[in-house]
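Here's the structure we're looking at; comments come further down.
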Amino acid sequence: MEYNHKDIEPRVRQAWQNAELYKVEIDHSKPKYYVLDMFPYPSGAGLHVGHPLGYISSDIFSRYKRLQGFNVLHPMGYDAYGLPAEQYAIQTGQHPEVTTRENVARYRTQLDNIGLSFDWNREIRTCDPEFYKWTQWAFLKMFGSYYDLDADRAMPVEELEKRFAEKGTQGLRAAAGKDMEFTAEEWNAMDKKERNDVLMNYRLAYLGNSMVNWCPALGTVLANDEVSEGVSVRGGHPVEQKQMWQWFLRVSAYAERLLQGLDRIDWSDSIKETQRNWIGKSEGAEMKFRLDGRDDLVLDIFTTRPDTVFGVTFMVLAPESKYVDMLTTPEQREAVNEYLSSIKHRTERERMIDKRVTGVFSGSYAINPLSGKKVPVWISDYVLAGYGTGAIMAVPAHDSRDYAFARHFNLPIIPLIKDADVSEASFDAKEGIMINSEGPELNLNGLTVPQAIASTKEFIEKSGIGKVKVNYRLRDAIFSRQRYWGEPIPVCYVDGIPTPYNNLPLELPEIDKYLPTETGEPPLGRAKNWCTPEGYPLELNTMPGFAGSSAYYLRYMDPRNHEALVSPEAIGYWRQVDLYVGGSEHATGHLIYSRFWNKFLFDYGYIVEDEPFRKLINQGMIQGRTSFVYRIKDTNTLVSAGLKDNYDTTPIRVPISMVTDDVLDIEQLRGWQKEFANAEFILEDGKYICGSAVEKMSKSMHNVVNPDDIVERYGADTLRLYEMFLGPIEQSKPWDTHGIDGVNRFIKKLWNLYWRGEELLVKDTEPTAENLKSLHKLIKKVSADIEAFSFNTSVAAFMICVNELAQQKCTSRTVLSDLIILLAPFAPHVAEELWHTALGNEGSIFNAKWPEFNEDYLKESTVTMAVSFNGKPRFNITVAADADNKTIEETALSNEAAAKWLDGKTIRKVIVVPGKIVNVVV
RNA sequence: GCCCGAAUGGUGGAAUGGUAGACACGAGGGACUUAAAAUCCCUUGGCCAUAUCGGCUGUAUGGGUUCGAGUCCCAUUUCGGGCACCA
């Protein structure tokens, strides 16, 4: 029998399917293990060779855990809501569900072709009402909750209402949009509408009117993680800031817990760091500045450098600050208005690119609470309204932004740190000895910066000037999208008051066109009878993409449950995801939202773990190798890469399928696009050589390699092994089909250990010591490598072992049986085939047991060690494997070469690593 | 600007502080063959060499710790990623 993947692979997969091999149920007799891939958005382009990288590695891990006796949950599904299907619907009128269904079918075929061990009985789709019922359910739970900072958890809003009725806001510490103070009497006197407004300030899912990222091209608002450098992450359309009523999730309430939780999970440092940056905790103080001649007002500011108060030479308000209007004096009114309108036209993007210093004096003065000095209050857009209090104290000597502002407007600069040179730039470092910092009640001179920070904090708390305060950069997530293809938000409006719609699922209605209404309302405004049975209008916005992916990992545990998101039994057994594999691009989106969502459900005891994903592996991207042809400008002549420098050329990307080893298939190119049909070619050595570059793999770059083609030519096992062999999982690397032959050759060599033509080579012979050594080296290496997610080195270890066993002409059934079990997670089809045909076993190889490692087979009685000296010849000495410092000395001297070299010298020190290397100091 | 991470042959990449370059690709040479494909064997960091013994050098750069450093420490350069008028 020859190795023939086309015969083996479909047959083996069919057998798995018939046996329902990957179906998994709760089984208390076995330990559980939950391996999850980030589920894909089924795009029209299908999978390219980069996508399966993560799927293959998680599949290897799942199969390995299974062989080790774990009950492995390894599910898959589809993140089915998304913009491309909707854009396609707008263009063609085809319902996004139809497109989605087609794409899902294509994905399924492609995934199956790779031989992944998913339990498809548990498949979920976010657009399925049975699934999004629970997305909506969680949203309503959040709507009905507030965050109690004393209990440090989410609590029902009813508790809050009770509390307000009894004692108002007194003693309440809760996450809120703005600080509120009222008494029980005031609360009880409020009408329904007023109470609703108050509660909105506390709800974890709330309707808020604030600055949002509005993308006119997409016709919707976007969350912060969906915007990068002023343009949308999807499509790259400009995004502007707009004041709008939108649904939000109060993610900020969980900022501290999201930060603390990072210390308890096994994620890469880089992704934890990214999340820490995104959460952006800063510890400082809030301080009150009185205003000159105005007893009715104080200015609240936030600073992380309370030690620098004596260096404050001016104050700055954000243009959107509520103080702007109050502090503008009549004389300055005109100048301020002019300034405000001038910056209104600058978009966030423009402000980011062009960081010129602008600002205007308000006319008012504030009083420095520590020095008693009078300082002017300015207005400038370098201060952000949304962070801290929207007002700052400016210390130009020790803050670069304040420094630039002071220089530009010629404001004084007072250095506060000894020997700090502030003639050219500010001194921002938090180090040095304080000077110029003496006031009537507090003297910081002579202290170090950290000491000064601590003393100032203590002083302002004691004197009531301010209080210690922690700020987070993490913003609440905008939760509504003016789009059709998403989960309806289950809220209706009763007399204008947002009210839960509890009859879930609230199904997405049919509409005639997938566009906003003529009056500019979201597409759901086109739905007929979009209201409750009582006639109350339903919300027109839908949920964002991250809604469905925030808790999907819980649903896999119990996907067909109609009564609950997940049953107590299922959550009690599966608990959390043990291993999560996916791209690092979700660091500030999905991976934050999921953690938030999970913590929220945890607060109510619906689930049992505070963190959703115990271990996270971020697979790198596989880039494409793009090929270029070079057209001489203004002609239809293409010049080969080696000669292009002689001409003025434009590079053009051509499909990678027309290029072999950088040589272009000219006839294919002629047939590709009309413009090339009659092109002239300038060749070198009779060939057209293409240029190349490494770029993201995508359709538009014409560099996509389809896994189906690789499977067709080499088989799924070769594809799997090769993708793993390319390099470390977490690293990005370019795809290069060249090396794949090596892996394919390995499988054939492996096959030839079992079969020579029709002759079966496996015999019931006793394994030799050599055989066992080769095998157990492999067991040790592969087991350790899989645990460390180091698959490229395990594939190398297989290659070495198979070469050794081939050389040894190993025929031992026990060795060859263990070998194929070890390989099974990596190359499941060929392993399963040999398990049956060559080894004659019944039942799947995946019901076998992972071979146990035995150290004894690797032990040596003697070991040869290299002795080397600076510049002197090396020689080998052979000693007992367990030699220590004492025995080695004698051995060395009894060794002829060593004795010769050591002639006349004495050994001062001998360093031995048992079984390894020795170094002798003379 | 701040915070992470990385830098090893022609290429992808191996190396618990212990013989750097595993394994694979590519390249060169050879065997088999009428020929080709396939397969197999040898060589393959650089320099020197009496080219079969062997020597020197070498992991971005400069220092340091150590008997011993690709690995640990300090500084520098370059690249990748994150955050960014966040006070």
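Just so we're clear, the structure is a prediction, and the values are computed from it rather than from any experiment. Proteins come first, then strands; the chains are lettered A, B, ... in the order of their sequence lines, and each starts at number 1.
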Would you please indicate yes or no on a ring centroid separation below 6.0 angstrom for A:Phe791 and A:Phe789?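 Yes: the rings meet the under 6.0 Å criterion.
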Do A:Tyr722 and A:Tyr714 have ring centroids that are under 6.0 Å from one another? no
Report, as yes or no, whether the 6.0 Å neighbourhood of atom CD on A:Gln807 holds more than 12 heavy atoms from other residues, nucleotides or ligands.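 No.
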Measure from the side-chain N and O atoms of A:Ser794 to the backbone N and O of A:Ser790, and report whether any donor-acceptor pair falls under 3.5 Å. yes
Salt bridge (charged side-chain N to carboxylate O under 4.0 Å, His left out) between A:Glu256 and A:Lys281: does it pass, once the steps are laid out? CA-CA 8 Å; A:Glu256 185 61 30; A:Lys281 180 178 185 172; 3.0 Å; yes
Watson-Crick/G-U partner (both atom distances under 3.5 Å) of [N]:
N	answer
B:U11	B:A24
B:G62	B:C74
B:G45	B:U57
B:G18	B:C67
B:G5	B:C79
B:C32	none

Syn or anti for B:G9, given that syn means the glycosidic angle lies within 90° of 0?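 That one's syn.
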Rounded to whole angstroms, how far apart are [atom1] on [X] and [atom2] on [N]?
X	N	atom1	atom2	result
A:Met393	B:A87	CE	P	12 Å
A:Lys781	B:A15	NZ	C1'	9 Å
A:Leu384	B:A84	CG	C1'	10 Å
A:Glu730	B:G13	CD	P	14 Å
A:Ile592	B:C83	CD1	C1'	13 Å
A:Lys733	B:C79	NZ	P	23 Å
A:Met724	B:A14	CE	C1'	17 Å
A:Phe302	B:C85	CZ	P	16 Å

Determine the interatomic distance between [atom1] on [N] and the same-named atom on [M]; round to the nearest Å.
N	M	atom1	result
B:G70	B:G18	C1'	13 Å
B:C25	B:G9	C1'	13 Å
B:U19	B:A14	C1'	15 Å

Is [X] close enough to [N] that one of its side-chain N or O atoms is under 4.0 Å from OP1 or OP2 there?
X	N	result
A:Asn792	B:G12	no
A:Thr274	B:G81	no
A:Tyr382	B:A87	no

Of A:Trp278 and A:Thr304, whose closest RNA chain B nucleotide lies nearer the 5' terminus? A:Trp278
Between protein and nucleotides 2-7 of chain B, what N or O pairs are separated by less than 3.5 Å?
unit_1, atom_1, unit_2, atom_2, d
B:C3, O2', A:Glu273, OE2, 2.9

Please state whether the rings of [X] and [Y] are parallel, tilted or perpendicular, taking 30° and 60° as the class boundaries.
X	Y	result
A:His586	A:His590	perpendicular
A:His776	A:Phe853	tilted
A:Tyr382	A:Phe405	tilted

Could you tell me whether A:Arg595 sits above the aromatic face of A:Trp278, with NZ or CZ closer than 6.0 angstrom to the six-membered ring centre and within 45 degrees of the axis?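 No, a cation-pi geometry is absent between A:Arg595 and A:Trp278.
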Mind checking what makes side chain to side chain donor-acceptor pair (under 3.5 Å) contact with A:Asn224, not counting sequence neighbours?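 In terms of side chain to side chain donor-acceptor pair (under 3.5 Å), with neighbours along the sequence ignored, A:Asn224 is linked to A:Asn213.
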Let me see the working for A:Arg276 and A:Asp269 under salt bridge (charged side-chain N to carboxylate O under 4.0 Å, His left out), right down to the final yes or no. CA-CA 10 Å; A:Arg276 284 192 190 105; A:Asp269 289 338; over 6 Å; no
Can you give me the N/O atom pairs linking the protein to nucleotides 26-32 of chain B at distances under 3.5 Å, or say none if there are none?
none

